[in-house]
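Note sheet for the following structure.
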Amino acid sequence: MTAAKKYLNILKEREPERWQGPLTESALTEQDLSEIEKGLGYTLPIPYREFLLSYRMPEDLTVLVSFCGDSFANSWEDTFSREENDYVPRPEYDIGPTVEFEWHNIKGDSGAEFLENLKKEQGAPDGCPCFLESGFIELGNVYGYLTYLDLVNGGIVTIHEEGVYDMVIADGVNGDSPSEVRNYMELYRLYICKDFNDFLRFVCTGDFLDEDEAKFPTQEELERDYSY
């Protein structure tokens with residue numbers, strides 16, 4: 001069993017209400033993935049390939065994720081409570097917030113269909129940075145932070161919605177230039193996960209992610225270093 005299937009099975013057990021029916025096998029094949037790569041001009045990272053070959057995913061899925069560290073964790077005063085089914089003020093000695101991640105997946109039972117939907121949804125409109133052409137596939141949104149898979153280095157990078165426009169307006173990046181967009185994202189944005197398997201662990205298991213270090217602290221580390 002691949003890591004992708006392992007994590008998705010964990011999510012299905014944790015959040016059965018988020019799914020309609022059982023997990024079903026993906027219709028995509030290795031040939032489909034090659035077609036997607038040819039159409040994008042980028043090689044898909046191995047963990048993402050395994051994910052696309054694993055199960056059919058809901059197009060939109062809201063999951064609960066947990067952060068610790070000094071960036072996101074310190075900026076959010078509220079945390080999501082399962083008991084209240086809403087956001088509540090964080091306790092005084094809180095490791096970090098739990099928040100909703102709006103996870104978006106591209107539909108498609110063939111390489112051509114997947115590629116068509118991806119380009120339709122994530123192609124750059126006028127005046128916006130060309131993220132997809134620069135090798136970034138958008139995965140979702142957490143508290144206004146857009147989350148992307150970097151097809152070049154395999155990591156997961158975030159940028160706030162307002163930061164997208166600051167990139168062009170305040171920082172002078174040519175949004176139509178894949179090289180300028182890529183350079184800006186690599187140098188100035190936060191990579192919260194080292195690869196797509198770490199992203200799946202983050203969205204599927206509920207384990208705390210230290211976004212500054214792009215790692216999952218042990219329970220001992222959480223109790224020692226992250227309780228405030």
Side-chain angles (χ1 to χ4, degrees), residues 2-8 10-11 14-15 33 36-37 40 42-55 57-76 96-106 114 118 121-122 124 129-164 167 178 181-217:
T2 63
K5 284 191 170 184
K6 179 187 75 171
Y7 286 130
L8 292 173
I10 291 172
L11 178 60
R14 287 183 63 233
E15 308 283 357
L33 300 193
I36 294 169
E37 291 177 330
L40 289 175
Y42 291 94
T43 300
L44 300 176
I46 291 175
Y48 188 61
R49 292 177 64 91
E50 292 180 348
F51 167 72
L52 293 180
L53 295 172
S54 62
Y55 298 123
M57 292 293 295
E59 189 170 3
D60 293 296
L61 189 64
T62 299
V63 295
L64 295 177
V65 297
S66 298
F67 285 104
C68 60
D70 295 324
S71 296
F72 297 155
N74 278 348
S75 65
W76 295 335
T98 294
V99 296
E100 293 173 301
F101 184 92
E102 299 170 7
W103 186 5
H104 179 71
N105 288 287
I106 304 301
F114 181 97
L118 177 62
E121 293 182 21
Q122 298 189 16
C130 55
F131 285 112
L132 182 60
E133 295 81 356
S134 304
F136 297 95
I137 291 180
E138 185 177 343
L139 302 175
N141 187 316
V142 55
Y143 250 44
Y145 285 87
L146 304 177
T147 306
Y148 292 89
L149 167 65
D150 185 340
L151 295 176
V152 175
N153 65 34
I156 309 300
V157 62
T158 65
I159 181 171
H160 197 274
E161 292 169 336
E162 295 177 359
V164 173
M167 177 197 303
V181 172
R182 165 154 294 281
N183 184 63
Y184 181 87
M185 293 291 284
E186 288 181 339
L187 290 178
Y188 301 111
R189 297 298 97 196
L190 181 64
Y191 280 80
I192 61 172
C193 294
K194 295 177 180 177
D195 60 29
F196 194 79
N197 281 342
D198 276 1
F199 171 78
L200 288 177
R201 178 177 174 179
F202 172 53
V203 296
C204 294
T205 69
D207 289 347
F208 275 98
L209 171 68
D210 182 330
E211 75 276 7
D212 300 305
E213 301 292 334
K215 72 173 187 177
F216 298 92

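The structure displayed is predicted, hence computed values, not measured ones. Note that the numbering runs from 1 along the sequence shown for the chain.
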- [ ] Determine, stepwise, if the pair Asn141 / Glu161 fulfils side-chain hydrogen bond (donor to acceptor under 3.5 Å, both in side chains).
- [x] CA-CA 9 Å; Asn141 187 316; Glu161 292 169 336; 2.9 Å; yes
Open item on the list: As a test of understanding, state which of Asp210, Asp212, Thr98, Leu209 forms a side-chain contact (heavy atoms from CB on, under 4.5 Å) with Phe67.
Closed with: Leu209
Task: Side-chain heavy atoms of Leu146 within contact of Phe136, under 4.5 Å - done: no
Open item on the list: Nearest 0.5 angstrom please: Thr158 OG1 to Leu139 CG, how far?
Closed with: 11.5 Å
- [ ] State, to 0.1 Å, how close Pro178 and Cys130 come at their nearest heavy-atom pair, and which atoms those are.
- [x] N-SG, 3.6 Å
TODO: Considering non-hydrogen atoms only, spot the tightest contact between Val142 and Glu100 and give its length.
DONE: CG2-O, 3.8 Å
TODO: Kindly determine whether Lys6 and Leu200 satisfy side chain to side chain contact (heavy atoms under 4.5 Å, CB included), including the steps that lead there.
DONE: CA-CA 9 Å; Lys6 179 187 75 171; Leu200 288 177; over 6 Å; no
TODO: Taking the side chain as every heavy atom from C-beta outward, state whether Ile137 and Leu132 have any pair of such atoms under 4.5 Å apart.
DONE: yes
Task: Flag if over 12 foreign heavy atoms under 6.0 Å of NZ, Lys194 - done: no
Open item on the list: With heavy-atom distances below 4.5 Å as the criterion, would you say the side chains of Tyr145 and Leu190 are in contact?
Closed with: no
Task: Interatomic spacing from CZ in Arg189 to CG in Asp150 - rounded to 0.5 Å - done: 14.0 Å
Open item on the list: Testing Trp103, Phe216, Tyr7, Phe51 one by one against Phe199 for a ring pair (Phe, Tyr, Trp, His ring centres under 6.0 Å), which residue passes?
Closed with: Trp103
Open item on the list: Measuring from atom OH of Tyr55 to atom CG of Leu8, what distance do you get when rounded to the nearest 0.5 angstrom?
Closed with: 7.0 Å
Task: Flag, side chain of Tyr48 to backbone of Asp195, donor-acceptor distance under 3.5 Å - done: no
TODO: Measure the spacing between CG of Leu53 and CG of Leu33 and express it to the nearest 0.5 Å.
DONE: 4.5 Å
- [ ] Begin with the C-alpha distance, continue with both residues' side-chain angles, and end with the deciding distance and a verdict on side chain to side chain contact (heavy atoms under 4.5 Å, CB included) for Asp198 and Phe202.
- [x] CA-CA 6 Å; Asp198 276 1; Phe202 172 53; over 6 Å; no
Task: Least distance between heavy atoms, Gly154 atom then Pro45 atom - done: CA-CG, 4.0 Å
Task: Shortest non-hydrogen separation from Pro129 to Val181 and the atoms involved - done: CB-CG2, 4.1 Å
- [ ] Take Gln122 and Ile106 through the side chain to side chain contact (heavy atoms under 4.5 Å, CB included) test and state the conclusion after the steps.
- [x] CA-CA 10 Å; Gln122 298 189 16; Ile106 304 301; 3.8 Å; yes
Open item on the list: Can you tell me how far apart CG (Leu44) and CG (Leu151) are? Round to the nearest 0.5 Å.
Closed with: 6.0 Å
TODO: Answer whether the closest heavy-atom distance between the side chains of Ile10 and Arg201 falls below 4.5 Å.
DONE: no
Open item on the list: Looking at every non-hydrogen atom in both residues, tell me the closest pair between Glu211 and Asp70 and how far apart they are.
Closed with: OE2-N, 3.9 Å
Task: Close side-chain approach of Tyr191 to Glu186, heavy-atom, < 4.5 Å - done: yes
Task: Arg14 side chain near Val63 side chain, heavy-atom distance below 4.5 Å - done: no
Open item on the list: Can you tell me how far apart OG1 (Thr62) and CZ (Phe101) are? Round to the nearest 0.5 Å.
Closed with: 10.0 Å
- [ ] Report yes if the side chains of Met185 and Phe131 come closer than 4.5 Å at any heavy-atom pair, otherwise no.
- [x] yes
TODO: Check Leu118 against Leu40 and note the closest heavy-atom contact, atom names and distance.
DONE: CD2-CD2, 3.8 Å
- [ ] Output, in order, the C-alpha distance, side-chain angles, deciding distance and verdict of side chain to side chain contact (heavy atoms under 4.5 Å, CB included) for Arg49 and Glu37.
- [x] CA-CA 10 Å; Arg49 292 177 64 91; Glu37 291 177 330; 2.8 Å; yes
Task: Student check: side-chain heavy atoms of Val99 and Val65 closer than 4.5 Å - done: yes
